[in-house]
*Asks:* 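Have a look at this one before I ask anything.
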Amino acid sequence: MENAQSKRGTALTWALVLLNLAVLGWLALREADLIASLAQIRALDGLWCAAAVLSMLVYLALEAACYAYAARRCGMPLGYAAITRCSLAARFYTLITPAGSGGQPMFIAMCVREGGTVPLAGATLSLRYIGFQVGYMAAALVCCIISREALPAVVKAGLALGFAFNLGLPALLLLFARWPAMGRWLAWKVGAGLSRLRLTRDPQALRRTLVGVVNDFHAAMNRAGFSALWRIALTGVLQVAALALVVPLVNRAFGLSAPFFPMAVQGVVLTTAVSAVPTPGNTGAAEGAFYALFGGAFPGPMRFTALLVWRCITYYLPLILGVLAFAARRRPAASAQPATHKEA
């Protein structure tokens, strides 16, 4: 069963990576002089490129640190190395599933495989997710206000969807954590709905299980303390800053000198505007938003090459690290094999 699921997951991964490459290929074919555009790669400054890669690695390291802090506050007994593997694997599935929907279940599954429990992993995920979204949305709001005059209409529409998408689920989780009666009521209704659809043979047991998960989640969140949200939110702001620095650093790598701070601000705007697009890795929307916001900062043939370098750093680098983390996950202990020899 696990082998079949692994094969399906591998096939899905390759299909979605090929989708992203197809979008890049389509943009490449639209270039007037593709050869001249790709030739710009040779002019890249290695030091600035290394700085852009380092900025992305800082983003991923801060994400793992937030998960580790949330796990400690929730009482989940996993070390930093295990949490880092869970974080990178979740990032991998976030990038290859529509609207990042696979990241959260994968984090919980990886935590259970590493030795955690479902309620504690769910509380850890929720604590980090709520705190990060608070910091991320606060930083995004400030950046949108700063750059509101220079934003195209399509980007403003994407921002409205992005804010609604990024604030809806954290608000719901926060309500469940603060008022567990609401979560128990919803769990009861979900159990009743599944029973009416005849999707469960024992609706009472399912309802008890769902209510127990809600109670365990509430207890773990209370153990963590809601004050932890603000520390995670502050780290979330630093994460957003590290991600936003990638675009201006790529600009410097091409030997250009566009205003550094405005490009970083618009980098946050780009991430927010495409976050609600339901394609894996925001494929299509990310490339279009990059052209809309930064097309003027990379003249002529540099535009496509800059997009390619930016996408490699922010999409393919975490993808590769996530694959390595998933491959290094803890394997379940093999059952003892009976002895094959006989005593003399």
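No hydrogens, no waters, no symmetry mates; every other heavy atom, side chains included, goes into these values. The structure displayed is predicted, hence computed values, not measured ones.
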*Asks:* Give a yes or no on whether L62 and I313 share a hydrophobic cluster (residues Ile, Leu, Val, Met, Phe, Trp, Tyr; joining criterion: side-chain heavy atoms under 4.5 Å apart).
*Replies:*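 No: no chain of side-chain contacts under 4.5 Å links L62 to I313.
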*Asks:* What is the distance from atom CD1 of I146 to atom CG of L141, rounded to the nearest 0.5 Å?
*Replies:*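 Between I146 CD1 and L141 CG, I get 10.0 Å after rounding to 0.5 Å.
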*Asks:* How many angstroms lie between atom CZ of F92 and atom CD1 of I320, to the nearest 0.5 angstrom?
*Replies:* 10.5 Å
*Asks:* Looking at R72 and Y69, would you say the former's side chain and the latter's main chain have a donor-acceptor pair under 3.5 Å?
*Replies:* no
*Asks:* Let me see the working for F107 and Y67 under side chain to side chain contact (heavy atoms under 4.5 Å, CB included), right down to the final yes or no.
*Replies:* CA-CA 10 Å; F107 178 81; Y67 276 122; 3.4 Å; yes
*Asks:* How long is the gap from CG on L161 to OG on S275, to the nearest 0.5 Å?
*Replies:* 8.5 Å
*Asks:* Identify the two heavy atoms, one from L293 and one from Q266, that lie closest to each other, and give their separation to 0.1 Å.
*Replies:* O-OE1, 3.5 Å
*Asks:* Only counting residues at least two apart or in another chain, list the ones meeting ring pair (Phe, Tyr, Trp, His ring centres under 6.0 Å) with Y129.
*Replies:* none
*Asks:* Please say yes or no: joined through hydrophobic side-chain contacts below 4.5 Å, possibly via intermediate residues, are M137 and L238 part of one cluster?
*Replies:* no
*Asks:* Run the side-chain donor-acceptor check on residues 44-56: report pairs under 3.5 Å with partners two or more places apart or on a different chain.
*Replies:*
{"from": "D45", "atom 1": "OD1", "to": "L47", "atom 2": "N", "distance (Å)": "2.9"}
{"from": "D45", "atom 1": "OD1", "to": "W48", "atom 2": "N", "distance (Å)": "3.4"}
{"from": "S55", "atom 1": "OG", "to": "A242", "atom 2": "O", "distance (Å)": "2.4"}

*Asks:* Compute both the distance and the angle, then confirm whether R303 meets the cation-pi test with Y291: under 6.0 Å from the six-membered ring centre, within 45 degrees of the axis.
*Replies:*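 R303 over Y291 ring: yes.
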*Asks:* Any chance you could lay out the side chain to side chain contact (heavy atoms under 4.5 Å, CB included) test for W230 and V134, step after step, and finish with the verdict?
*Replies:* CA-CA 8 Å; W230 304 113; V134 168; 4.0 Å; yes
*Asks:* Hydrophobic clustering (ILVMFWY, side-chain heavy atoms < 4.5 Å, transitive) - are V247 and V155 grouped together?
*Replies:* yes
*Asks:* Is there a path of hydrophobic side-chain contacts, each under 4.5 Å between heavy atoms of I/L/V/M/F/W/Y residues, joining L270 to V142?
*Replies:* no
*Asks:* Do the non-hydrogen side-chain atoms of L159 and L151 ever get within less than 4.5 Å of each other?
*Replies:*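 Heavy-atom side-chain distance check passes, below 4.5 Å.
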*Asks:* In terms of ring plane angle, is the pair F254 and F298 parallel, tilted or perpendicular, where the classes change at 30° and 60°?
*Replies:* perpendicular
*Asks:* Please say yes or no: joined through hydrophobic side-chain contacts below 4.5 Å, possibly via intermediate residues, are V269 and M263 part of one cluster?
*Replies:*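 In one cluster: yes.
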*Asks:* Please give me the minimum heavy-atom distance between A64 and Y80, naming the atom from each residue.
*Replies:*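 Smallest interatomic distance, heavy atoms only, reads CB-OH, 3.9 Å.
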*Asks:* Apply side chain to side chain contact (heavy atoms under 4.5 Å, CB included) to L321 and R91, showing your working.
*Replies:* CA-CA 9 Å; L321 294 177; R91 172 59 52 185; over 6 Å; no
*Asks:* Over all heavy atoms of both residues, which pair between V274 and N282 is shortest? Give the atoms and the distance, please.
*Replies:*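 Smallest interatomic distance, heavy atoms only, reads O-ND2, 2.8 Å.
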*Asks:* Nearest heavy-atom pair of A325 and R85: which atoms, and what distance?
*Replies:*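 So the two residues come closest at CB-O, 3.7 Å.
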*Asks:* Please round to the nearest 0.5 Å and tell me the distance separating atom CZ of R231 and atom CG of L127.
*Replies:*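 R231 CZ to L127 CG: 11.5 Å, rounded to 0.5 Å.
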*Asks:* Between T124 and L120, is there a donor-acceptor pair closer than 3.5 Å when you use the side chain of the first and the backbone of the second?
*Replies:* yes
*Asks:* For the atom pair CG (L308) and CD (E287), what is the distance rounded to the nearest 0.5 Å?
*Replies:*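 Result: 10.0 Å between the selected atoms.
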*Asks:* Would you name the heavy atoms of A70 and I232 that are closest together and state the gap between them?
*Replies:* CB-CD1, 4.2 Å
*Asks:* Do M110 and Y93 have side chains that approach each other closer than 4.5 Å (heavy atoms only, starting at C-beta)?
*Replies:* no
*Asks:* Can you confirm whether R252 is buried at CZ, in the sense that more than 12 heavy atoms of other residues, nucleotides or ligands lie under 6.0 Å from that atom?
*Replies:* yes
*Asks:* Decide yes or no for Y59 and P318: does some side-chain heavy atom of the first lie under 4.5 Å from some side-chain heavy atom of the second?
*Replies:* no
*Asks:* To the nearest 0.5 Å, tell me how far T235 OG1 sits from R128 CZ.
*Replies:*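 Answer for the OG1-CZ pair, T235 versus R128, is 10.0 Å.
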*Asks:* Checking side chain to side chain contact (heavy atoms under 4.5 Å, CB included) for the pair L88/F326: CA distance, chi angles, key distance, verdict?
*Replies:* CA-CA 8 Å; L88 289 174; F326 188 74; over 6 Å; no
*Asks:* Closest heavy-atom contact between T94 and G103?
*Replies:* OG1-CA, 3.2 Å
*Asks:* Can you list every pair that meets side chain to side chain donor-acceptor pair (under 3.5 Å) and has a residue in residues 132-147, with sequence neighbours left out?
*Replies:* Q133-N166, Y136-T272
